[in-house]
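Here's the structure we're looking at; comments come further down.
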Amino acid sequence: MSNRGFPTEFLLLPFADTHELQLLHFALFLGIYLAALLGNGLILTAVACNHRLHTPMYFFLLNLSLIDLGSISTIVPKAMANSLWDITTISYAGCATQVFFFIVFVTAEFYLLTIMAYDRYIAICKPLHYGTIMASRTCVNMAAAVWGSTFLYAVLHTANTFSLPLCQGNLLDQFFCELPQILKLSCSDAYLREAVLLVVSAILGFVCFIFLVLSYVPIFRSVLRIPSQQGQHKAFSTCLPHLAVVSLFISTSIFAYLKPSSISSPFLNLLLAVLYSVVPPALNPLIYSMQNKELKCAVKRQIWSMFSSTYKDPFTLQ
């Protein structure tokens, strides 16, 4: 039987066996990371600097961009450094830090997407009460509740996980410190404590998912009852990007964690982890700006102001 203990470092799964392919992965991750920084940074500055975007929907979108920046910055820089320098190690403290922040940002994103669905429900199904229900103080309280609850949740999860003695070595079958991979290394009797937390997490996630579904059913019914095609298009342009982001986030996460063990492999695990943890933060700004004319114009103004010393605004809404 292996001795129980706490390793000083963990070994991560490399993307490739040769250094040349590792450099290719470094270049790919660098491109994705820069795209995420640019896209989310533009949304942050556009929403913050444009008073026309100081509405509940864009306030939550600003928080989503912050979450995406935090989420991708928790994982990708370390993965790029490992690929560039051809190393696979991460310290015990570094792994705990990565797990903590990843839990914070992933959980916050799920909760925030749920609140954004509620915001769209009120805006489309109860437009006359929107200003009263989604008042500024209410939106700030919702955002604060998301950040506060996810912080406490991450503290609880991380402290409980890294208090478990490990009996199966220190090799993680993933390119970053993923919670399920760490739990695989723990002793079977100690794992039961964390299993209770995981069950509670699954129940909360299921409740949020049901809330999302129940929000969008009346949304689509209300939109389809709008007599004009222009009105329908405007309503869909505010809710379809959110639905696309939710679908991308939930589908990749569910398949990553609930896929049959018969089709599991190191390559598939790496691919799914990239799809649910790295790709969404880079795609979300593009998804939201494609259909939203107001946001698209604000982002264009921001880009124009960055490259023009004498700012003239050609990007006005028609």
Side-chain angles (χ1 to χ4, degrees), residues 2-15 25 29 33 36 66-112 146-202 204-205 249 252-253 256-257 266 269-270 272-274 276-278 280-281:
S2 302
N3 294 327
R4 300 185 178 202
F6 300 91
T8 58
E9 63 182 19
F10 290 96
L11 299 177
L12 301 174
L13 192 66
F15 279 98
H25 285 103
F29 267 34
Y33 188 52
L66 284 174
I67 290 171
D68 285 339
L69 283 176
S71 175
I72 198 168
S73 297
T74 299
I75 295 174
V76 171
K78 176 58 178 174
M80 289 194 300
N82 284 3
S83 296
L84 182 62
W85 302 112
D86 198 19
I87 58 177
T88 59
T89 59
I90 184 171
S91 67
Y92 188 83
C95 188
T97 302
Q98 197 174 67
V99 167
F100 170 77
F101 282 108
F102 189 67
I103 292 175
V104 167
F105 292 123
V106 170
T107 308
E109 180 156 357
F110 193 48
Y111 289 165
L112 188 66
V146 167
W147 286 105
S149 61
T150 53
F151 179 85
L152 293 176
Y153 176 75
V155 167
L156 185 62
H157 248 318
T158 306
N160 195 51
T161 299
F162 284 88
S163 67
L164 301 176
L166 306 181
C167 301
Q168 311 296 329
N170 67 337
L171 177 61
L172 300 177
D173 192 24
Q174 192 52 270
F175 75 96
F176 68 98
C177 286
E178 192 181 40
L179 190 62
Q181 300 299 330
I182 298 173
L183 293 177
K184 287 182 181 179
L185 304 179
S186 65
C187 307
S188 57
D189 55 339
Y191 175 80
L192 294 176
R193 289 186 297 165
E194 182 64 16
V196 175
L197 277 177
L198 292 175
V199 170
V200 173
S201 303
L204 289 175
F249 179 74
T252 53
S253 301
Y257 289 109
N269 290 339
L270 282 173
L272 291 174
V274 170
Y276 86 83
S277 64
V278 177

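This chain uses plain numbering: 1 for the first residue, then up along the sequence.
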**Prompt:** Below 4.5 Å, heavy atoms only, C-beta onward: do Thr8 and Asn170 meet side chain to side chain?
**Reply:** no
**Any Val278 side-chain heavy atom under 4.5 Å of Phe176 side chain** = no
Can you give me every donor-acceptor pair (side chain of residues 86-94, partner residue at least two apart or in another chain, under 3.5 Å) with its distance?
from	atom 1	to	atom 2	distance (Å)
Ser91	OG	Gly94	N	2.9
Tyr92	OH	Phe162	O	2.8

**Asked** CD1/Ile72 to CZ/Phe102 distance, rounded to the nearest 0.5 angstrom?
**Response** 11.0 Å
**Message:** Checking the side chain of Ser71 only, and the main-chain atoms of Asp68 only, is there a donor and an acceptor separated by less than 3.5 Å?
**Reply:** no
**Item:** Distance (rounded to the nearest 0.5 Å) between Leu166 CG and Ile182 CD1
**Value:** 8.0 Å
**Asked** How far does CG of Leu112 sit from CG of Leu66, to the nearest 0.5 angstrom?
**Response** 10.0 Å
**Message:** Between Leu164 and Leu185, is the side-chain contact (heavy atoms from CB on, under 4.5 Å) condition met? List the steps.
**Reply:** CA-CA 9 Å; Leu164 301 176; Leu185 304 179; over 6 Å; no
**Prompt:** Out of curiosity, Leu11 CG to Asp173 CG, how far, rounded to the nearest 0.5 Å?
**Reply:** 12.0 Å
**Request:** Grab the two heavy atoms, one from Ser186 and one from Gln168, that are nearest each other, plus how far apart they are.
**Result:** O-CG, 4.3 Å
**Fill in**
Of all heavy-atom pairs linking Ser73 and Pro77, the shortest is O-CD, 3.2 Å
**Message:** Restricting to non-hydrogen atoms, name the atom on Phe105 and the atom on Ile67 that form the minimum distance, rounded to 0.1 Å.
**Reply:** O-CG2, 3.2 Å
**Asked** Is the ring centre of Phe29 less than 6.0 Å from the ring centre of His25?
**Response** no
**Item:** Interatomic distance, Ile75 atom CD1 to Met80 atom CE [nearest 0.5 angstrom]
**Value:** 12.0 Å
**Fill in**
Closest non-hydrogen contact found for Leu12 with Phe175 is CD1-O, 3.6 Å
**Request:** State which residues pass side-chain contact (heavy atoms from CB on, under 4.5 Å) with Phe100; sequence neighbours excluded, sorted by chain then number.
**Result:** Val104, Phe151, Ala154, Val155, Thr158
**Asked** Are any side-chain N or O atoms of Gln98 and backbone N or O atoms of Thr74, one a donor and one an acceptor, separated by less than 3.5 Å?
**Response** yes
**Prompt:** Roughly how far, to the nearest 0.5 Å, is the CG atom of Leu171 from the NZ atom of Lys184?
**Reply:** 11.0 Å
